[in-house]
Amino acid sequence: MTEADRADPATEVFVAHRDLLFTLAYEILGSAADAEDVLQETWLRWAGVDLDAVRDRRAHLVRITTRQALGRLRALARRKESYVGPRLPEPLLTAPDVAEQVEPVENMSMAMMLVLETLGPTERAVFVLREVFGVGYEEIAEAVDKTPAAVRRIAHRARAHVAARRPRAAAGPDETRAALDAFRRAIETGDTRGLFDLLTPDVVALSDGGGIRRAMPHPTVGADKVARLLVAGAAVWGPVATLEPTHVNGHPALVVRVDGEVDLVVALRIEGGLVTGVYSVRNPEKLTRMERETGVSL
């Protein structure tokens, strides 16, 4: 932006709310790249708005962003159907202190983002606006072109759907960090038994290579299978690989570097101190946000 842009009232308002709008679009889409495209479209429409006629500028920006994100989500349905292997959300490198927000940030976890993928487009937008951002029903109705009564019904269905699938007892940052440290040590030392003891009997491992990098084509289920698979996979990397603790989507995670380059991001779903889900992203198109922190706002 030029200095003239920065002095423009429309630009100042947009920049002030940019992190919030990005987070909203990302929560609806599960993709940072698509969220950025939505922000560009939002800006183009916002730049043509008469600010004097806008009573609530934040609400107006949220409405534009939601509509653009919904349109893009519906258009991406065909791309999702043709995706090779499991499709995981795009991980975001976030600052460690983001996790201190606990309840809102839980809705950004990889596990929760996967649950959101099971909602329909309108249900997902309504759930995100209401449960993550606390937007009122009247405002949501304007954003999704529904009546307030219809929005209440959609919100009720979405809450029930999510409640049946979300982690039963979300782990706090300390519990997650402790489990992740033990998980990392077991993989680094090739301790299959130690890793097995960290996993629930019905643990599920998903790996997203997007057809570009080698990854598990189907979910792997069961502590024994998952433990053996992870230890064998780590052995292939050899001494050129490093496992580094980091924060992804506001939660402790691991980034695997091979010869100094990001090769893999691993996030865990933890309940009761044990790992119930292992989510590994190898698709290089989804790892572009792992070299610098992404600002989020909830």
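In terms of the side chain to side chain donor-acceptor pair (under 3.5 Å) criterion, Thr94 has no residue partners (sequence neighbours excluded). When the side-chain contact (heavy atoms from CB on, under 4.5 Å) test is applied to Ala143, the partners found at least two apart in sequence or on another chain are Arg63, Thr66, Leu129. In this view, Arg159 and Phe127, Arg130, Glu131, Tyr137, Ala155, His156 satisfy the side-chain contact (heavy atoms from CB on, under 4.5 Å) rule, not counting sequence neighbours. Residues passing the salt bridge (Lys or Arg N to Asp or Glu O under 4.0 Å) test with Arg193 are Asp197, sequence neighbours excluded. Remark: Lys225 engages no residue in a side chain to side chain donor-acceptor pair (under 3.5 Å) (not counting sequence neighbours). A search for side-chain contact (heavy atoms from CB on, under 4.5 Å) contacts involving Asp174 returns Arg177, not counting sequence neighbours. Applying the side chain to side chain donor-acceptor pair (under 3.5 Å) rule to Asp145 yields the partners Arg67; only residues at least two apart in sequence or on another chain are considered. Shown here are the side-chain contact (heavy atoms from CB on, under 4.5 Å) partners of Ala186, two or more places apart in sequence or in another chain: Asp191, Leu195.
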For this session: Any chance you could lay out the side chain to side chain contact (heavy atoms under 4.5 Å, CB included) test for Val62 and Phe133, step after step, and finish with the verdict?
Result: CA-CA 10 Å; Val62 165; Phe133 292 90; over 6 Å; no
Exercise. Where do Arg184 and Leu180 land on the side chain to side chain contact (heavy atoms under 4.5 Å, CB included) test, with the steps shown first?
Worked result: CA-CA 6 Å; Arg184 176 171 58 88; Leu180 190 71; 5.7 Å; no
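Arg166 contributes no side-chain N or O that, together with a main-chain N or O of Met112, makes up a donor-acceptor pair within less than 3.5 Å. Looking at Thr118, its side chain does come within 3.5 Å of a backbone N or O of Val115 through a donor-acceptor pair.
Under the 4.5 Å side-chain criterion, counting only non-hydrogen atoms from C-beta, Ile140 is not in contact with Lys146. Using a 4.5 Å heavy-atom cutoff, the side chains of Pro86 and Met216 are not in contact. Between Pro121 and Arg72, the closest side-chain pair of non-hydrogen atoms is not below 4.5 Å. The shortest side-chain heavy-atom distance between Arg213 and Asp263 falls under the 4.5 Å cut-off.
By the rule that hydrophobic residues join a cluster once side-chain heavy atoms approach within less than 4.5 Å of another member, Leu274 and Ile187 end up as members of separate clusters. Transitive grouping of hydrophobic side chains (ILVMFWY, heavy atoms separated by less than 4.5 Å) keeps Leu268 and Phe196 in distinct clusters. With hydrophobic clusters built from ILVMFWY side chains whose heavy atoms lie under 4.5 angstrom apart, Leu70 shares a cluster with Trp43.
A donor atom on one side chain and an acceptor atom on the other are not found under 3.5 Å apart for Arg157 and His161. If you check the side chains of Arg74 and Thr122, you find a donor sitting under 3.5 Å from an acceptor.
The structure places CZ of Arg124 at 5.0 Å from CG of Leu116, a figure rounded to the nearest 0.5 Å. Asn249 CG to Glu27 CD: the interatomic distance, rounded to the nearest 0.5 Å, is 8.5 Å. Rounding to the nearest 0.5 angstrom, the gap separating the OG1 atom in Thr276 from the CD atom in Glu271 is 4.0 Å. Summarising the geometry, atom CD belonging to Glu90 is positioned 7.0 Å from atom OH belonging to Tyr26; distances are rounded to the nearest 0.5 Å. We find the CZ-CD distance between Arg153 and Glu123 to be 12.5 Å, quoted to the nearest 0.5 Å. Note that CZ of Arg87 is 7.0 Å distant from OG of Ser31, once rounded to the nearest 0.5 Å.
When hydrophobic side chains of Ile, Leu, Val, Met, Phe, Trp and Tyr are connected at separations under 4.5 Å, Leu206 ends up clustered with Leu88, Leu93, Met110, Leu114, Val204, Val221, Val248, Val255, Val262, Val265, Tyr279, Val281, Leu287, Met290.
Of all non-hydrogen atoms in Ala223 and Leu199, the two that sit nearest each other are O-CD1, 3.6 Å. Across Ala69 and Ala25, no two heavy atoms sit closer than the pair CB-CA, 4.5 Å. Across all non-hydrogen atoms, the minimal contact from Ala179 to Ile270 is CB-CD1, 3.5 Å. Between Ala10 and Leu51, the closest heavy-atom pair is N-CD1, 3.6 Å. What you find for Val144 and Ala125 is that their closest heavy atoms are CG1-CB, 4.3 Å. In plain terms, the two heavy atoms of Ala32 and Leu92 that are nearest each other are CB-CD2, 3.6 Å.
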Please table the atom pairs, donor to acceptor, closer than 3.5 Å between any side-chain atom in residues 226-244 and protein atoms at least two apart or in another chain.
residue	atom	partner	partner atom	Å
Arg228	NE	Asp224	OD1	3.0
Arg228	NE	Asp224	OD2	3.3
Thr242	OG1	Glu244	OE2	3.3
Glu244	OE1	Arg257	NE	3.1

Just distance, no hydrogens or angles: give the donor-acceptor pairs under 3.5 Å from side chains in residues 14-23, sequence neighbours left out.
residue	atom	partner	partner atom	Å
His17	ND1	Val13	O	2.9
Arg18	NH2	Glu36	OE1	2.6
Arg18	NH2	Glu36	OE2	3.4
Thr23	OG1	Asp19	O	2.7
Thr23	OG1	Ser297	N	3.0
Thr23	OG1	Ser297	O	3.4

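Other residues, nucleotides and ligands contribute more than 12 heavy atoms inside 6.0 Å of the CD atom of Glu188.
Screening residues 60-96 for ring-ring contact (aromatic ring centres under 6.0 Å, His included), with sequence neighbours left out, gives Trp46-His60.
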